[in-house]
Structures are given as structure tokens and as C-alpha cells.
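Accompanying notes for the structure given below.
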Amino acid sequence: MGKNKQKQKIILPPELPPEVPDDEIEVSDEDLQFVNENLDYAGFVAGLDTTSITKHVTRVADLKEDALERLYERRLQKKKLKEKEEEEKKSRVEVDRVDALPVKSLDGQVYYRTLAEKKGGDGGEEEDGGGDKGIVRLTKTERRAKLKKSKKEAKKLGKQVENTEQVEATPQAAVLAEVKEDLTAEATFETKKRKLAELGVALLADPESNIKSLKEMLQFCLDDDDAIIKLGLLSLLAVFKDIIPGYRIRLPTEKELEMKVSKEVKKMRFYESTLLSVYKAYLQKLVLLEKKSKFQHVAVRCICTLLEAVPHFNFRESLLAAVVKNIGSQDDVIRKLSCSAIKSIFVNEGKHGGAATVEAVELIADHVKALNCQLHPDSVEVFISLSFHEDLRKPEEPDKESKVKYKKNRKRKNVEEPSQLQESDRKRSKKELMAKMREEVTADYKSAVFTPDVKEQRKMQSDMLSAVFETYFRILKHVMQSTAASSQANGTLVAGESGAHPLLAPCLNGLGKFTHFIDLDYIGDLMNYLKKLAAGGSSSDNSSEKCAKGLTVSERLQCCIVAFKVMRSNLDALNVDLQGFFVQLYNLILEYRPGRDQGEVLVEALKIMLFEDRQHDMQKAAAFVKRLATFSLCFGSAESMAALVTLKQLLQKNVKCRNLLENDAGGGSVSGSIAKYQPYATDPNLSGALASVLWELNLLCKHYQPAISTIASSISTMSTSHNQVYLASTSPQQAFRDLSLEQESCNPKPDLRKSNNKRKRGSGPSRLASVEEKVNSTGSLDEDELRKKLSDHFSLLRDFRESEKLRTELDRTTSALQLYEEYKKQKKKTARRGIKIGGKGV
């Protein structure tokens, strides 16, 4: 039965398109043009039989006409029902989902309830529609124009509606965006911080498996927020310090990559390659951020920390170049960080084997050369942290055992017969192979164990010494040239002008420390430089004085100190006259000023040149004794104490100079060739100091400082007999430190004996007695009064220092004003002469 029903089922042909009248068909101009151009091809359309085509399309086989019409009627009815249902759906409005619950069908679909829409203006519309029937029909062209106008109006209305919507929406959107930014700024910052911390902890816990997280951390350095960039840099710094291995990474070659390796080797290669690539990108980012003022301090801190922590790792050269560039920076923080990093490399050579030290020293030497010695003193002062081994200076001694073996083998070879030559060749080839194998094994062992080779260490030390001394000699040469040029440009220079040669002081300190490493071929040139700088070595006196006036007193004293250190370290190999340095010291003692010059340098010069020197000429020693006694009267207690200690040592060594302690003004039989004392003589040998008396000691015995009064009294009581031997208890440097301004007591210690004597004589209770009675009665001094007195005392000391600075500035300004007035006078004189000459000519 089912099969028969399926056979009887009839399928109707599809509906034909609706007929459209010719008036309603719109044909464009382009279509007409195309048809007119191709009339030959479009001629067959006119001859088509449409009736036969429709019959052929609408026919149904084995079916009568009545049955066919019924089928068509049914199809029309179904079509109308569908259209009605669609219109009803469109006319119905969906009920609010809050007011009515949905209905779920058996299929599982959810349907929401709807209501029929109320039509209020249907009658009017029908009336309008009925009224339109009487209107005259428009032509084709009029319809087109009407359509175009309606489209343009619709477009205009749409644009106006969009503009009004945008204008209404923009202020609301701006306010919402600001609120969202304010609310999410802190949240995003916290999430990024948390993400950075999680990545860092994961990397530190298991670096090999989480090595890809390094790239994610590096992306934080490209963020728009400055705080996130700084956190990213510091986080990567902490991670790199922990995970960087203790060896340099060597990437595999192409041949090594083609070889088959195990999974562990592949994993290790991937780990090393990613670590190296991210580390390189991190360093490049640091170098870029260093140029920006916002990130300069953070970037420099990261670079210096990496150089201190991993100086053995790859890309050390870029780190060193960045740090050396900043050792002379004007920013104190950056300069101190860079100098501390360089000093740590010099001190901790075990981390890198000394190679980084050589590179750093050479880079600093090139940096000083490039900037023409115009740098901060700290940039050269880092050389003092270097340490050199004296054992490496000695040449290698050949082993005695090897010599003996060589002689024995030589004797055996002479005894051998010519028949054994072939066997000896074979043995030689075997020995050569064995020697090659041993060399390869020793090289591998050295690379693995990292034992320092003596030859390499000797070569590195020689390179370092050559770079250091090249820098020092360049600085000395630059100082000589600059002082000569300034002396020619300016007729007179102010003595003690500081700041013109910033690198001279650290250069002289370094020469004094490493003087025993200087080659003997360069010592002669060094001594000539030092003589000229101390203003005693040039050919003409005027040029030497001008050169001397270009340097400070401390720098000139330091030149004398370095010269004596060089002489002592190379005493057997040198034969240089040091009389010029003694002359400079004799003149510089009176040029010294406590607020302007360094007292430590003067005391060191007294110690090295006078206190520790064994042999002195009698006239020279007497001149220095007299000069030190006058110096002790003029300056503070610390300088006076150092001078008196040196004076006492000179008198102990030179017995004949003790005649200055006598009251004979003529000096007696020891007065020498010069019978009268010349206090303003520049040469100590020509001063005639033996013809004078140390009357200054009588005044120094009454000094307010008890230590100075005691040492002055002890010197004045020295005997002139030759049998007495005195031993120096303290050095000038120790005496200076003990009585320096920082360690000097607020009030001088009172003499107990004098106060007791006064009390015995009945002159009334002294100040000390009143203080003692107050202490005994109350048990302790009032702390507030003591603090007040101490604060007043130290405020007075500060005022004294400030007044001294003001005096020095006043002296400079007055000298400058005097020079300007003299210049004005000379200019007026020249102008008057010109007027007189002009009048005579007329």
C-alpha cells in the first residue's frame, strides 16, 4: 500500500514569476545602450513562443485538467494561510519576560507569549487608500525623480539622527571611560605586579622548565607605565643573578647542530640559547633606558650589579663599556655606583681570572685619553684598588733537573751507533704523538679546573701596568702643557688655584703606591716631570715659578713625596740629586694655609723628607729647624705638634744644630760661612740659620695646649753633649691625628699644679676648684648646661671656619680689583700718550 501511495503522489511544477506590465519595468540607460550595440545577438528574443513554453512547463503527465486545477487551488490556499500566519506574527507584540513565563514545547524549544497589537489608524489609512484611486497615474520619468528625492531625504534624515545620537552619547562615554580608568589603574598595576612575582618565583624554583617565562618578563619592560618598567628591570636583575651559570655559554656550531644528541642535551641547548638571547635583549634595553633621565638610576644600578655579580658571563664587554663611561659622571649616585663596580672587579679577581681587570684598566685608559684628562678624580682613583704580585715580575728560572737530563741524553746520543738511527726515528714519532696528547689533556684540564697559568698572569699584569702608567704619564704631561699654556696666556696666576687639574692628586697617589713597579727606563723622565711640577726643574726661573703657581701647595708637596718614594724603592739603581725638592719644601712650609691646603699632605712630606731621612747637611738641617719653629707659632695645634715632633727629631740626629738652643746670637764657632741669619732666603743652605737662636721655643712653652707646651719645654732642655741619645716616640702623622680638629678637646686641660699653688697662696678659689666642689656636692654636672656649652663651642668653631673661607674669598676679590685698577691706569696712560702724540703731529 505504501508503495502505491508513493507512486500516486503528484509534484506540481514551480510557480511562474508574476507578470509585470511594461510601464512598471525600469530599464537603465546602460542596458539600452548595450542592447542597441548588440542587436544581432538579441534578435532571437522577439521570436520566442511564450504560450507553448508555459504549456510545456505547467503540464503534468497522466493527469486530467480538472484534477490539475484542484491541485493548483489547494496550493494557492496553503500559500494564503502562510501569509496570514506571518502577518499575525508580525502584528503580535512579545510580552515582557518579567510579566509572563515562557512555554516549553515537546521539542525542547522555548516560546515567549505575545499579544495582538492594537491598530488605531486603520480607517484613516483605508480612506487615504480609497482617495488615492482618483489621482492621475504618474509617468515613468516622474516616478524615477520621485524615488530619487525620497532616497535623498531618507539619507539626510538618517545622518541627522546619527549625529544627534553621537552628540548625546559622547559626554556619557567620556565620563564612563574616566571612571573606568580610575577604577582599573590600581587593579591593573596590582595584577601586573602579581604576574611578575609569579613568573620570577617560578623561574627561581625551576629555571630549566620555566625558561620561556623570561621572555614574558622582558615584555613588562615595554609597558607604558614607568613603575612597571622599573619593576620589570629589577625583577629580571634578581632572576639573572640567580640563574646565570658559573661559565661562559658557547652556542653550538652548525656541525654540532646536525649531530644527533640525547633529549637532555637538546633541553640544555634550548635553555642556554634562550637564556643568552633574553640576556642580550635585556642588556640592550638597559643601554637604551640609561639615556633617559627617568630610568637612568635604575638602569645604571642594574648594569653595575650585573657586572659585580657575573663578570665571567657573556657580553661582559658591553657591561664594562657602559660602566666605564659613567665613572666620571657629574651625578654622584651614578659615579659612586660605577666606581664601586670597577673596584669590586679589581678586588675579586677570582670570579673572572683577571681578564675583566685588564679590560677595565684598558677601557679607563682609553676613556681618559679620549676626554683629554678632564674627568672626575674618582675615575683614576679606582686604580689604587689594583693589586699586583711581585713574584710575577721575576723571570722564570729553568729547572736544574731538565738541564741534567738534557746533558745525559746528549752524551748518549754521541755514543749511539749509526745502525740505531731508524729505531730512534720511530721512538721520536711516538714521543711526538705522546707529547701532543699530553698537551691536549693539559689544555682540557686547565679549562675544566680553571687553574691560573703563570705565563698568562704575567702577561695580564704587564698589560695592566703598562696601561696604568701610560695613564699616569699622560696626566702628568697634560698638567705640564696646561700650566705652561696658562702661564703664557696670563702674566700672573693666583697661587693655590684649585680645580684646574682634577686628576693630578689621584695620579700622584697612584705613583706613590706603585712606584716599585715602574721600569728603570722611565724613572728618569718621571723625576724630570716631578721636578718641573714642583717648580724646580725648568731651564728659566720665571717659567718654573709660573708653573708652580698654577698648582696648589698640596699638589706640589705631593710631587716631592712621590719623588722621595721613587728614590727609596730604587735606591741602588738611581743617582739623582734631591736638593731641588728640599728647596721647594723649605719654601712651601710658609705658603701653607690650614683652610685651603691639606694638612695630611704636609705632615707626610715632613715625615718622608725630614723625619725618616738619615743624612742631612748641617746648614740645611738648621734652616729646617728654624723654619719649623716659626711655623709652629703661626698655625693650629695639630700642625704645630707635627712640626715640633719633626724639629725634635732633626735636633736629635744633628748634634751641632743643638747650638741653636743657646743664647749666643752669633752662633759661636758653628755659625759657618754666613754670619747673619737670612729669614727670606729661598735656599736653606744660604739662610745662615746657625747664626740664629730658637727664641720661638720660649713662647711655645706657654702655649694653651698642654702637649705643645710640654714638647717645647723638652726641646729647650736638650743638652748639647754628644753622648745623649734620644728616641722618637711618635711620628708627625700620629701627632697630627691626635691633635686634629675632630679629636681636639673643647677646652684646654688645666694645670693642676698651678691651681693648687694658687690656692695655697690664698688668691681665692679657682675655677677648677669651684667645678670640683660642684661635682662633689651634686655628684654629677648638669647635662643641659654641658650641652649648651658644647653647642656654643662648636658653633664658634664653625664660625671661625666660615670666616676663614670668607677671608680667602675677600683676598681673591681684592687682588682681582687691584689688578683691574692697574689695568685701568695703564689704559689711561696709553690714551694720554696717544692724545699728546696726536697734538704734536697737528
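Below, each value reflects all heavy atoms present in this structure, side chains not excepted, and no hydrogens, waters or symmetry copies. If you're wondering where the values come from, they're calculated on a predicted model, not measured in any experiment.
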Ignoring hydrogens, what is the shortest heavy-atom contact between Leu690 and Gln619? Give both atom names and the distance. CD1-NE2, 3.6 Å

Charged N-O contact under 4.0 Å between Arg596 and Glu804: no

Could you walk me through whether Asp378 and Val382 satisfy the side chain to side chain contact (heavy atoms under 4.5 Å, CB included) test, starting with their C-alpha distance in whole Å, then the side-chain angles of each, then the deciding distance to 0.1 Å, before giving a yes or no? CA-CA 6 Å; Asp378 293 344; Val382 294; 5.8 Å; no

Checking Thr515 side chain against Gly512 main chain: does a donor-acceptor pair fall under 3.5 Å? no

Using a strict threshold of under 4.0 Å (side-chain N to carboxylate O), is an ion pair present between Glu809 and Lys805? no

I'd like to know if the side chain of Lys513 and the backbone of Ile384 have a donor-acceptor N/O pair within less than 3.5 Å. yes

If you take all heavy atoms of Cys559 and Phe581, which pair is closest and at what distance? O-CE2, 4.3 Å

Can you confirm whether Arg807 is buried at CZ, in the sense that more than 12 heavy atoms of other residues, nucleotides or ligands lie under 6.0 Å from that atom? no

Atom pair CG/NZ of Leu651 and Lys653 - distance to nearest 0.5 Å: 11.5 Å

Taking Gln598's backbone N and O only, do any of them form a donor-acceptor pair with Ser554's side chain (distance below 3.5 Å, no angle check)? yes

Tyr677: ring-ring contact (aromatic ring centres under 6.0 Å, His included) partners, not counting sequence neighbours: none

Can you see which heavy atom on Val645 is nearest to which on Thr730, and at what distance? CG1-O, 3.4 Å

Note, Ser714 side chain near Lys648 side chain (heavy atom, < 4.5 Å): yes

Given side chains that start at C-beta, do those of Phe736 and Leu602 come closer than 4.5 Å, heavy atoms only? no

Below 4.5 Å, heavy atoms only, C-beta onward: do Leu585 and Leu610 meet side chain to side chain? yes

Check the orientation of Tyr529 and Phe473. Use parallel for under 30°, tilted for 30 to 60°, and perpendicular for over 60°. tilted

Less than 4.5 Å apart, any side-chain heavy atom of Leu644 and any of Leu628? no

Donor-acceptor check, side chain of Lys626 to backbone of Ala621, threshold 3.5 angstrom: yes or no? no

Whether the side chain of Arg627 engages the backbone of Pro679 through a donor-acceptor N/O pair (distance < 3.5 Å, no angle test) should be reported. yes

Shortest non-hydrogen separation from Ile327 to Arg335 and the atoms involved: O-CG, 3.1 Å

What distance separates Phe383 CZ from Ile364 CD1, expressed to the nearest 0.5 Å? 4.5 Å

Counterpart residues, side-chain hydrogen bond (donor to acceptor under 3.5 Å, both in side chains), relative to Glu802 (two or more places apart): none

How long is the gap from CD1 on Ile711 to CG on Leu647, to the nearest 0.5 Å? 8.5 Å

Taken to the nearest 0.5 Å, the spacing of Glu639 CD from Phe631 CZ works out to 5.5 Å

Side chains of Cys657 and Met618 in contact at under 4.5 Å (non-hydrogen atoms): yes

I'd like to know if the side chain of Ser640 reaches the main chain of Phe635, judged simply by a donor and an acceptor atom lying under 3.5 Å from each other, with no hydrogens or angles considered. yes

Test side chain to side chain contact (heavy atoms under 4.5 Å, CB included) applied to Gln558 and Asn509, step by step: CA-CA 8 Å; Gln558 225 164 359; Asn509 289 331; 2.5 Å; yes

Would you say Leu661 and Leu697 make side-chain contact, with heavy atoms under 4.5 Å? yes

Exercise: identify the closest heavy-atom pair between Tyr586 and Ala623: CE1-O, 3.5 Å

Say whether, by atom type as modelled, one donor and one acceptor occur between the side chain of Arg568 and the main chain of Ile608 under 3.5 angstrom. yes

Spatial distance of atom SG (Cys560) from atom CD (Glu555) [nearest 0.5 Å]: 12.5 Å

Using only atom types and a distance under 3.5 Å, with no angle test, would you say the side chain of Thr646 pairs donor to acceptor with the backbone of Ala642? yes

Tell me the closest heavy-atom pair linking Leu503 and Cys373, and the distance in Å. CD1-O, 3.4 Å

Distance, nearest 0.5 Å, that separates CD of Gln579 from CG of Asp683: 6.0 Å

Flag the pair Phe517 / Val468 as yes when at least one side-chain heavy-atom distance between them is below 4.5 Å, and no otherwise. no

Ser482/His501 under side chain to side chain contact (heavy atoms under 4.5 Å, CB included): CA gap, chis, key distance, verdict: CA-CA 9 Å; Ser482 62; His501 315 291; 3.0 Å; yes

Given the side-chain rings of Phe564 and Phe582, with only the six-membered ring counted for Trp, is the space between their centroids under 6.0 Å? yes

Close side-chain approach of Leu806 to Leu810, heavy-atom, < 4.5 Å: no

After noting the C-alpha distance and the side-chain angles of Leu578 and Met527, does the key distance pass the side chain to side chain contact (heavy atoms under 4.5 Å, CB included) rule? CA-CA 10 Å; Leu578 299 173; Met527 295 298 289; 4.0 Å; yes

